[in-house]
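Notes follow the structure.
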Amino acid sequence: MKNIVILISGSGSNMESIARAAQREGWAGKYQAKVAAVISNKAAAPGLALARELGLHTEVLDHKAFDSREAFDAALTTLIDRFDTPQAPTLVVLAGFMRILTPGFVSHFAGRLVNIHPSLLPAFAGLNTHQRAIDAGCQFAGATVHLVTAELDHGPILAQAVVPILASDDASTLAARVLTQEHRIYPQAVAKLLLNV
Ligand code: GAR
C-alpha cells in the first residue's frame with residue numbers, strides 16, 4: 001500500500017475532496033493507495049474534525065512548540081516518515097498547509113511532495129492571490145497543482161484550472177469559484193501522481 005499523508009492548516013476542503021475521491025474511485029484497488037493520515041500544524045484547524053468524520057487518522061504537530069523552522073520541519077519529517085511502507089515512501093500532499101518549508105524538508109520529499117496554490121502560477125505566488133489578481137485587472141484566475149521545490153509556490157506544474165474574473169467579483173466570490181475548481185483538479189492530479197511515485 002502507498003500511503004498518502006495530507007498536511008492542512010485550515011478548513012481542509014481540499015483534503016476532503018481527495019479523501020472522498022479516494023473512497024469513491026477505489027484508490028486502494030486501483031493504485032494500492034490510501035490516505036493514511038491528516039496532519040495539522042494547528043490544533044484548532046476545522047479540517048481536523050472533518051478528517052475524523054471521514055474516518056481518517058489525524059495528528060497535530062504545533063509549530064509554536066518548536067524554537068525554529070528547522071526544528072519543526074525535522075519533527076514533521078520524522079512524523080511523516082512513520083507512514084512509509086516497505087512498498088513505497090509516503091506521498092505528501094499540501095492542502096492549505098500555510099507554512100514556508102525549509103530546503104531540507106523539500107529535498108527529503110522531492111518528487112513526492114505536491115501543493116495546490118490558488119492562482120495561475122507562476123503569477124501570484126504568496127498570499128492574497130485573489131485580491132491581487134482583481135487589482136491587476138486580470139480577466140482570468142485559477143489554481144495550480146505543482147510539485148514543490150525550494151522556491152515558494154514554484155515547481156513543475158501538474159494541473160491547472162482557469163476561471164473567469166467577473167466584474168462583480170470580490171476576493172471572496174472569486175476564491176469560492178476557484179476553490180470549486182481546486183476540488184476537481186487536486187484529486188485528479190494526485191491520482192495521476194500515484195501512478196508515477
Ligand atoms: C486553498 O484555496 C489552497 O489553494 C490555499 O489555501 C486554501 C485552503 O483551503 N493554499 C495556499 O494558499 C497555499 N499557498 P482548504 O483548507 O479548504 O483546502
Side-chain angles (χ1 to χ4, degrees), residues 4-23 35 37-54 56 58-63 69 72-73 76 91-103 105-106 109 113-136 138 140-163 165 169-191 193:
I4 301 166
V5 168
I6 304 181
L7 306 187
I8 65 168
S9 300
S11 53
S13 70
N14 277 292
M15 173 279 299
E16 181 182 17
S17 73
I18 291 165
R20 288 198 187 280
Q23 285 174 356
V35 178
V38 174
I39 302 174
S40 174
N41 63 314
K42 292 186 176 178
L48 280 174
L50 185 54
R52 284 185 212 110
E53 277 168 34
L54 291 164
L56 299 173
T58 61
E59 304 259 0
V60 175
L61 191 67
D62 184 351
H63 62 275
R69 196 173 286 286
F72 173 74
D73 279 10
L76 185 58
L91 177 64
V92 184
V93 173
L94 307 178
F97 187 61
M98 304 309 272
R99 296 275 311 163
I100 292 172
L101 302 168
T102 55
F105 183 91
V106 172
F109 296 106
L113 177 60
V114 62
N115 182 44
I116 190 158
H117 183 74
S119 78
L120 294 170
L121 291 175
F124 306 121
L127 297 174
N128 302 317
T129 54
H130 304 300
Q131 191 59 54
R132 287 159 63 209
I134 291 169
D135 292 347
C138 295
F140 295 93
T144 304
V145 179
H146 65 100
L147 286 174
V148 175
T149 58
E151 198 182 345
L152 180 71
D153 296 329
H154 276 75
I157 291 173
L158 303 177
Q160 284 188 313
V162 179
V163 305
I165 298 180
D169 268 333
D170 59 22
S172 75
T173 58
L174 180 57
R177 190 175 313 111
V178 171
L179 194 59
T180 304
Q181 294 304 311
E182 294 185 37
H183 298 160
R184 186 177 62 78
I185 64 171
Y186 211 3
Q188 286 175 357
V190 171
L193 202 59

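Note that ligands are numbered from 1 as they come in the structure, with each ligand's atoms numbered from 1 the same way.
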Stepwise side chain to side chain contact (heavy atoms under 4.5 Å, CB included) test for Val35 and Ile6: CA-CA 7 Å; Val35 178; Ile6 304 181; 3.9 Å; yes
Min side-chain heavy-atom separation Val145-Gln160 under 4.5 Å: no
Thr129 versus His117, side-chain donor and acceptor atoms under 3.5 Å: no
No-hydrogen, no-angle side-chain donor-acceptor test under 3.5 Å, Gln181 and Arg184: yes
Ligand-protein N/O pairs under 3.5 Å (ligand 1):
{"from": "ligand 1", "atom 1": "2 (O)", "to": "Glu182", "atom 2": "OE1", "distance (Å)": "3.2"}
{"from": "ligand 1", "atom 1": "2 (O)", "to": "Glu182", "atom 2": "OE2", "distance (Å)": "2.9"}
{"from": "ligand 1", "atom 1": "4 (O)", "to": "Glu182", "atom 2": "OE1", "distance (Å)": "2.7"}
{"from": "ligand 1", "atom 1": "4 (O)", "to": "Glu182", "atom 2": "OE2", "distance (Å)": "3.3"}
{"from": "ligand 1", "atom 1": "14 (N)", "to": "His117", "atom 2": "ND1", "distance (Å)": "3.2"}
{"from": "ligand 1", "atom 1": "16 (O)", "to": "Ser11", "atom 2": "N", "distance (Å)": "3.4"}
{"from": "ligand 1", "atom 1": "16 (O)", "to": "Ser11", "atom 2": "OG", "distance (Å)": "3.4"}
{"from": "ligand 1", "atom 1": "16 (O)", "to": "Gly12", "atom 2": "N", "distance (Å)": "2.8"}
{"from": "ligand 1", "atom 1": "17 (O)", "to": "Ser11", "atom 2": "OG", "distance (Å)": "2.7"}
{"from": "ligand 1", "atom 1": "17 (O)", "to": "Ser13", "atom 2": "N", "distance (Å)": "2.8"}
{"from": "ligand 1", "atom 1": "17 (O)", "to": "Ser13", "atom 2": "OG", "distance (Å)": "2.5"}
{"from": "ligand 1", "atom 1": "18 (O)", "to": "Ser13", "atom 2": "N", "distance (Å)": "3.4"}
{"from": "ligand 1", "atom 1": "18 (O)", "to": "Asn14", "atom 2": "N", "distance (Å)": "2.9"}
{"from": "ligand 1", "atom 1": "18 (O)", "to": "Asn14", "atom 2": "ND2", "distance (Å)": "3.0"}

Any donor-acceptor N or O pair under 3.5 Å, side chains Arg69, Thr102: no
Sub-4.5 Å side-chain heavy-atom contact between Pro156 and Thr149: yes
